[in-house]
Protein chains: 2
Amino acid sequence: MDKKVREDVHTTGVPTLCQACDARHRGVCGALNTNQLVTLSKHSVRRKLDPGTELVGEEQDVSQYSNVIGGVVKLTKMLSDGRQQIVGLQFAPDFLGRPFSRSSRFSAEAATDVELCSFSKGLIDRMIDESPDLEHKLLEQTLKELDEARDWMLTLGRKTAAEKVASFLHLIAVNVDPEASESEGPITFDLPLTRADIADFLGLTIETVSRQLTKLRKDGVIHIENNRHITVPDIERLNDRASL
Amino acid sequence: MDKKVREDVHTTGVPTLCQACDARHRGVCGALNTNQLVTLSKHSVRRKLDPGTELVGEEQDVSQYSNVIGGVVKLTKMLSDGRQQIVGLQFAPDFLGRPFSRSSRFSAEAATDVELCSFSKGLIDRMIDESPDLEHKLLEQTLKELDEARDWMLTLGRKTAAEKVASFLHLIAVNVDPEASESEGPITFDLPLTRADIADFLGLTIETVSRQLTKLRKDGVIHIENNRHITVPDIERLNDRASL
DNA sequence: CGGCTCCTTGATATACGTCAATGGGCGTGG
DNA sequence: CCACGCCCATTGACGTATATCAAGGAGCCG
């Protein structure tokens, strides 16, 4: 299961699995010392998930935490009649899981091919108790997610369909290339979500999303290939459409 | 400024100002020891605000943290053309302020008469460094707010106007009486928000909010007196309307 | 080739927004 | 005391953005 982990605590100390891992640089693992990393890596599993795989169900108990190593995980909520809303997207190297609560309040599902690094909840919970740095990292990530959620509330509550779709494209573009907002030059990326997912993220229908995308395409704000591959020649024009 | 604070560290120790304060029991101050409470209370100010008073502007620097002692504070975001969205409501004994960031990403405004207990940011930031318990409390509150924000995203994105208004009434009812959801019997409360605020919270217009409220009234789900005073005879019927 | 899934496009319906008029409560000033 | 204006809320008539319903195309796999 973790056969790739060389346990040579006496050399550099950092488990090989972790050495190149983004979570150690920008994610929560950055708050751990070498010993903790070693302990954790012994009890961690790398997993690959296909799109659509459900990680945790709504209201379901959670016994695992994970770091997102690659791909996109969507967090969704559903009403009893089936209406669905995506309440968050997690990109690498985000931490996935809900400290201090045994059950999740939403379901987590792979939107794309996803690679995870998972570990038992108990182990992390114990590390949180011991290591203020880890708790600090978690607080930082949680505050970031809260900011993002509130930004999105403005989008959901007050923007038009056209602005919503542009805002979504902006969100993805920025995640692909964090410098994108400032730099000149075209940005290109693959949409991690289907039209149905985009609709659930924006509080719209598939049809409306589709219409707004073709409108953006016809207006030259974006180019679309194969439904998924997007090029944004001028991010400023996109931002205008998103009312940013 | 803090003339009411008896500094008798040798008796009970807890500053009189804090003794009856809800923030010490259920809020972040619960994570502080007596010494910290004394230090903090020496540098804290009780303030009363009139409805409409702005606490912090969007993008503005924050030099103060506060506990909400009474009343309701609304957190709002605005688009450049004036469209507005309330992204959160803070009730007593919520903590108000943004750790690790000098500027706020939304504006905070008193929705009702509000009583605050404010203290300098620097002091708290230092206490956070020293006291893991305090950081833990902050993480808990932040996670709670994140859950609430995501719940609301479902409301904003996927519920009808009728369901939105019912959801809002439910939110207020539960905040007034946390047991309300289970217990039988009528619940009665004053709306802390004007119709305009409710509209900004729900992503609707004033008129639509008004129409939905009169519909609920005509259907006997609620009684309304003086525009603000609401009675809910049967919370179950309200929950049904909110699709909860 | 047929049968998927995903996406687009068009015609029509409807929930909600917009515009406009009205009324109630309340403080101010005659 | 009433008159006036102001703010807030309600109500109605009408407009429109987005949903719904329906058809069809493109890619993909067995």
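Chain A is the first sequence line, chain B the second, and so forth, proteins listed ahead of strands; every chain is numbered from 1. For the numbers below, each heavy atom of this structure counts, side chains included, while hydrogens, waters and symmetry mates do not.
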Inset, instruction - Return yes if a side-chain donor-acceptor contact under 3.5 Å exists between Ser243(A) and Lys159(A), otherwise no. - result: no

Inset, instruction - Provide, to the nearest angstrom, the distance between the NZ atom belonging to Lys164(B) and the P atom belonging to dG17(C). - result: 7 Å

Inset, instruction - Hey, could you give me the CH2/CG distance between Trp152(B) and Leu156(A), rounded to the nearest 0.5 Å? - result: 12.5 Å

Inset, instruction - For dT11(D), take OP1 and OP2 only and decide whether either is under 4.0 Å from a side-chain N or O of Ser210(B). - result: no

Legend entry - Phosphate OP1/OP2 of dT18(D) contacted by Thr205(A) side-chain N/O (<4.0 Å): no

Legend entry - Nearest-0.5 Å distance that lies between atom NE2 in His170(A) and atom CD1 in Ile235(A): 6.0 Å

Legend entry - Of the listed nucleotides dC7(C), dT18(D), dA22(D), the one nearest the side chain of Glu207(A): dA22(D)

Legend entry - Nearest-0.5 Å distance that lies between atom CE in Met78(B) and atom CZ in Arg158(A): 12.0 Å

Inset, instruction - Among dT10(D), dC7(C), dC16(C), find the nucleotide with the atom closest to the side chain of Ile206(B). - result: dT10(D)

Inset, instruction - Quick one: label Leu213(B) by what it contacts on the DNA or RNA (base, sugar-phosphate, nothing), any heavy atom closer than 4.0 Å. - result: nothing

Inset, instruction - Measure the CG-CZ distance between Leu193(A) and Phe168(A) for me, rounded to the nearest 0.5 Å. - result: 4.5 Å

Inset, instruction - Examine dT8(C): is either OP1 or OP2 under 4.0 Å from a nitrogen or oxygen in the side chain of Arg195(A)? Give yes or no. - result: yes

Inset, instruction - With rounding to the nearest 0.5 Å, note down the distance linking CD in Glu148(A) to NZ in Lys144(A). - result: 5.0 Å

Inset, instruction - Rounded to the nearest 0.5 Å, what's the gap from CG on Leu216(B) to CZ on Arg237(B)? Could you check? - result: 9.5 Å

Inset, instruction - For Gly52(A), answer base if it contacts any base atom (sugar-phosphate contacts may also be present), sugar-phosphate if it contacts only those atoms, and nothing otherwise; contact means non-hydrogen atoms under 4.0 Å. - result: nothing

Inset, instruction - Examine the base of dC16(C) for any acceptor or donor lying under 3.5 Å from a partner atom in the side chain of Gln212(B), and report the outcome as yes or no. - result: no

Inset, instruction - Using a cut-off of strictly less than 4.0 Å, decide whether Thr214(A) has a side-chain nitrogen or oxygen near OP1 or OP2 of dT9(C). - result: yes

Legend entry - Near-strand residues of residues 70-85 of chain B, defined as heavy-atom separation under 4.0 angstrom from DNA chain D: none

Inset, instruction - Starting from the 5' end of DNA chain C, give me the residue, Leu204(B) or Ile224(A), whose nearest nucleotide shows up first. - result: Ile224(A)

Inset, instruction - Measure distances between side-chain N and O atoms of Arg211(A) and base N and O atoms of dG10(C), and say whether any donor-acceptor pair falls under 3.5 Å. - result: yes

